[in-house]
Amino acid sequence: MTPLASCLALLLSGVTHRHVKDWSDHALWWEKKKTWLLKTHWTLDKYGIQADAKLQFTPQHKLLRLQLPNMKYVKVKVNFSDRVFKAVSDICKTFNIRHPEELSLLRKPRDPSKKKKKKLDDQCEDDAFELEGPLITPGSGEPGFFCVCYPVLTIYRWLDSSRSLMEQEVKENEALLLRFKYYSFFDLNPKYDAIRINQLYEQSKWAILLEEIECTEEEMMMFAALQYHINKLSIMSSENHLNNSDKEVDEVDAALSDLEITLEGGKTSTILGDITSIPELADYIKVFKPKKLTLKGYKPYWCTFKDTSISCYKSKEEANGTPAHQMNLRGCEVTPDVNISGQKFNIKLLIPVAEGMNEIWLRCDNETQYASWMAACRLASKGKTMADSSYGMEVQNILSFLKMQHLNPDPQLIPEQITTDINPECLVSPRYLKKYKNKQITARILEAHQNVAQMSLIEAKMRFIQAWQSLPEFGITHFIARFQGGKKEELIGIAYNRLIRMDASTGDAVKTWRFSNMKQWNVNWEIKMVTVEFADDVRVSFICTEVDCKVVHEFIGGYIFLSTRAKDQNESLDEEMFYKLTSGWV
Ligand SMILES: *[C@@H]1O[C@H](CO)[C@@H](O)[C@H](O)[C@H]1NC(C)=O
Ligand SMILES: *[C@@H]1O[C@H](CO)[C@@H](O)[C@H](O)[C@H]1NC(C)=O
Ligand SMILES: *[C@@H]1O[C@H](CO)[C@@H](O)[C@H](O)[C@H]1NC(C)=O
Ligand SMILES: *[C@@H]1O[C@H](CO)[C@@H](O)[C@H](O)[C@H]1NC(C)=O
Ligand SMILES: *[C@@H]1O[C@H](CO)[C@@H](O)[C@H](O)[C@H]1NC(C)=O
């Protein structure tokens, strides 16, 4: 039996006299079996190759058209025999993006039945392909591109990270999308991550513009103002660098990133005071339990927040007695319901109990009270107390998030001069373009802009990302699922720290399970069922109806993998660990 290597040597000896060429990137591809024959010490026999098998001797590196999160297309050479996880790592190295494990590749499924739709998609791709430079600049947006293309993204599918591009039938020159896949961004640092931050900003911007994630009207205007500000500063900095205009805006960002912004802010010590004891909150808060018939509307209670629990008493004087309500927020869902112009600062809590979730609403009086209680709720939901060093930062983030949405009743407008460089079509989602006249939106954006006008470019991008991260639906990837014992189709939401069972029609959480409580999970590939087991003998089983359960499996395994990253870890990832956690099949 001749090993593959000898066959290759023989094959090449026949051609090298004609071309002096480097064949080192070439390898054998068995099209029929969709497999690379990379183990050159194996024999043909071992690979099961018969005399009639057609093998291709083809380069491993091939061109891809890659659409970056900022919607720009670039051509890159990628190793088509590497597993996608490794290929993405290499791509990210090319673009100087740290933490490639957070990104992956999406592709459009081939579906010949949808001829008409396909035509539209292709047109989008071509349009996008021609766009050069920053996609959207103030006053010169591409509303056509935007409007035509926005429904398309949702039909893209994640590639399998543990198989190669070629094995997944990706063709040379095919267009794939590079996107952040896991919403758990490790160590985002303006000093090292100029390009990563910019791409993340772009992805979050499109998620908001395309209404892939819900936000309130006030939040939308804040995002629009930040975007307007970022566009403006980008233009200014590229104009300053006109004499080397071939430089990407990204590179300009890199220079600016030395400005080093500490978004960490918020001196924890001043807020926490004595850090030897666990801080507590105590105040009058209005409480509402929608399911209790006895409680109509909000009623004020004296509430204390200790460790991860809130106790509510009829009055301050009764705080030594038995509380009227008591709830432990560990593992709960915390959702804001805020309207700043209406001075409404509500916190919706969904607390897991045996039968499902208990719904409780807290109403705060003002921003200060809201920020400290909201921050405490968020930490408690993760099982952390206010003694955690992140508490002060969380309070500051909430306050600055609210501050950016403040109305400026007397904006110093210079109407003609400024308004000409605002193009609402690129700054707010279609819903608001329909709801308001462009002039009204422009005025709102200018108002909101005053809250952010002092920010540097990189700070504005960081604030944008941070605001996106604090939206209630942030970081949840949804799949249609059929739960064991359930009657109808529901949703399974996968976030970095938990699984959420959701009502498909309302999107409301029905039940939440934390990964920190998870014992194991597995997939029954035959019936395509994912089963997750938690402590206390809780088992959840569901079938994914619209995607391969490998995709869901990879999401869960991927988040578990990401949670193992150490603080001082830079580039050295345990790739084998990733495959182990995410590949259940051979
Ligand atoms: C391409 O990937 C394969 C599979 O991981 C590997 O064996 C090969 O060395 C890679 N080629 C290059 C040139 O890196
Ligand atoms: C052109 O670039 C050089 C070096 O990058 C810089 O010193 C100079 O000020 C620039 N000129 C203008 C007109 O911006
Ligand atoms: C927010 O409050 C203002 C003032 O009360 C009101 O006009 C507006 O409709 C509210 N917005 C929402 C979305 O409820
Ligand atoms: C916010 O509300 C709390 C509780 O009602 C009150 O003690 C505090 O003074 C208020 N702060 C501001 C800035 O209005
Ligand atoms: C991690 O990367 C940063 C920036 O590239 C570098 O300064 C630091 O020394 C690295 N840390 C380790 C542990 O390698």
Side-chain angles (χ1 to χ4, degrees), residues 4-5 8 21-30 34-42 57-64 76-91 93-94 160-168 170 172 214-222 271 281-287 298 300-305 315-316 335-348 362-376 395 398-399 402-403 405-407 409 428-429 431-432 435-436 440 444 447-448 471-472 575-576 578-579 583:
L4 223 48
L8 285 177
K21 191 170 167 180
D22 179 8
W23 297 98
S24 61
D25 190 42
H26 278 60
L28 284 173
W29 167 251
W30 191 0
K34 298 268 173 290
T35 182
W36 285 98
L37 309 179
L38 293 177
K39 299 193 174 92
T40 47
H41 58 282
W42 279 26
F57 189 56
T58 181
Q60 287 164 276
H61 279 81
K62 298 179 191 297
L63 274 179
L64 268 188
V76 280
K77 273 233 157 128
V78 179
N79 187 342
F80 271 54
S81 69
D82 254 339
R83 292 190 271 197
V84 164
F85 183 85
K86 177 71 170 48
V88 170
S89 259
D90 289 346
I91 291 168
K93 214 169 269 167
T94 312
D160 186 338
S161 296
S162 27
R163 291 161 68 212
S164 72
L165 290 169
M166 202 84 156
E167 286 166 320
Q168 300 181 65
V170 175
E172 168 137 44
E214 286 270 337
C215 65
T216 66
E217 190 170 316
E218 287 172 323
E219 286 160 351
M220 181 58 85
M221 296 306 156
M222 170 201 67
I271 289 164
L281 293 172
D283 214 339
Y284 276 102
I285 302 276
K286 296 190 187 72
V287 180
Y298 287 93
Y301 284 91
W302 177 257
C303 296
T304 60
F305 205 134
S315 69
K316 189 177 179 179
T335 318
D337 174 31
V338 171
N339 179 345
I340 293 165
S341 57
Q343 286 292 295
K344 181 174 80 172
F345 302 100
N346 292 347
I347 303 170
K348 179 185 171 190
L362 307 178
R363 166 166 284 181
C364 298
D365 278 344
N366 54 42
E367 289 183 18
T368 335
Q369 192 187 47
Y370 169 79
S372 46
W373 284 76
M374 186 59 166
V395 173
I398 294 167
L399 284 172
L402 297 175
K403 201 167 148 238
Q405 300 174 58
H406 280 184
L407 282 182
V428 299
S429 74
R431 190 198 312 176
Y432 295 103
K435 189 169 170 188
Y436 297 111
Q440 293 171 302
R444 293 277 299 275
E447 263 172 38
L471 296 178
E575 248 180 76
E576 288 313 313
F578 178 84
Y579 298 128
S583 344

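Order of listing sets the numbers, starting from 1, for every ligand and every atom in it. If you read the sequence from its start, that first residue is 1, and numbering goes on from there.
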Would a distance-only check, ignoring hydrogens and angles, find a side-chain to backbone donor-acceptor pair under 3.5 Å from [X] to [Y]?
X: Gln168; Y: Asp160; answer: yes
X: Glu172; Y: Leu63; answer: yes
X: Trp42; Y: Leu37; answer: no

Between the protein and ligand 4, which nitrogen or oxygen pairs come in under 3.5 Å, and how far apart is each?
| from | atom 1 | to | atom 2 | distance (Å) |
| --- | --- | --- | --- | --- |
| ligand 4 | 2 (O) | Asn366 | OD1 | 3.4 |
| ligand 4 | 2 (O) | Asn366 | ND2 | 2.3 |
| ligand 4 | 5 (O) | Asp365 | OD2 | 2.6 |
| ligand 4 | 11 (N) | Asn366 | ND2 | 2.8 |
| ligand 4 | 14 (O) | Asn366 | ND2 | 3.1 |

**Message:** For Asp82, which part has a heavy atom under 4.0 Å from ligand 1: side chain, backbone, both, or neither?
**Reply:** both

Output the list of atoms in ligand 1 that are nearer than 4.0 Å to some heavy atom of [X], sorted by atom number.
X: Asp25; answer: 13 (C)
X: Ser81; answer: 1 (C), 2 (O), 3 (C), 4 (C)
X: Leu38; answer: 4 (C)

**Residue Ser341 vicinity, atoms of ligand 3 by number, heavy atom under 4.0 Å** = 1 (C), 2 (O), 3 (C)

**Asked** Just which atoms of ligand 3 are under 4.0 Å from any heavy atom in Asn339?
**Response** 1 (C), 2 (O), 3 (C), 8 (C), 10 (C), 11 (N), 12 (C), 14 (O)

**Asked** Once the angle between the rings of Tyr370 and Phe345 is folded into 0 to 90°, is it parallel (under 30°), tilted (30 to 60°) or perpendicular (over 60°)?
**Response** tilted

**Asked** What is the ring orientation for Trp23 with His26, classed by angle as parallel under 30°, tilted 30 to 60°, or perpendicular over 60°?
**Response**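 Perpendicular, since the angle between the ring planes exceeds 60°.
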
**Message:** To the nearest 0.5 Å, what is the distance between CD on Glu214 and CZ on Arg431?
**Reply:** 5.0 Å

**Message:** Looking only at the side chains, is there a donor atom on one of Asn339 and Ser341 sitting less than 3.5 Å from an acceptor on the other?
**Reply:**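 Judged by distance alone, the side chains do pair up.
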
**Prompt:** Contact between Lys86 and ligand 1, counting heavy atoms under 4.0 Å?
**Reply:** no

**Message:** Between Arg83 and Glu575 (salt bridge meaning N to carboxylate O under 4.0 Å), is one present in this structure?
**Reply:** no

**Asked** Residues in side-chain hydrogen bond (donor to acceptor under 3.5 Å, both in side chains) with Ser372, at least two apart?
**Response** none

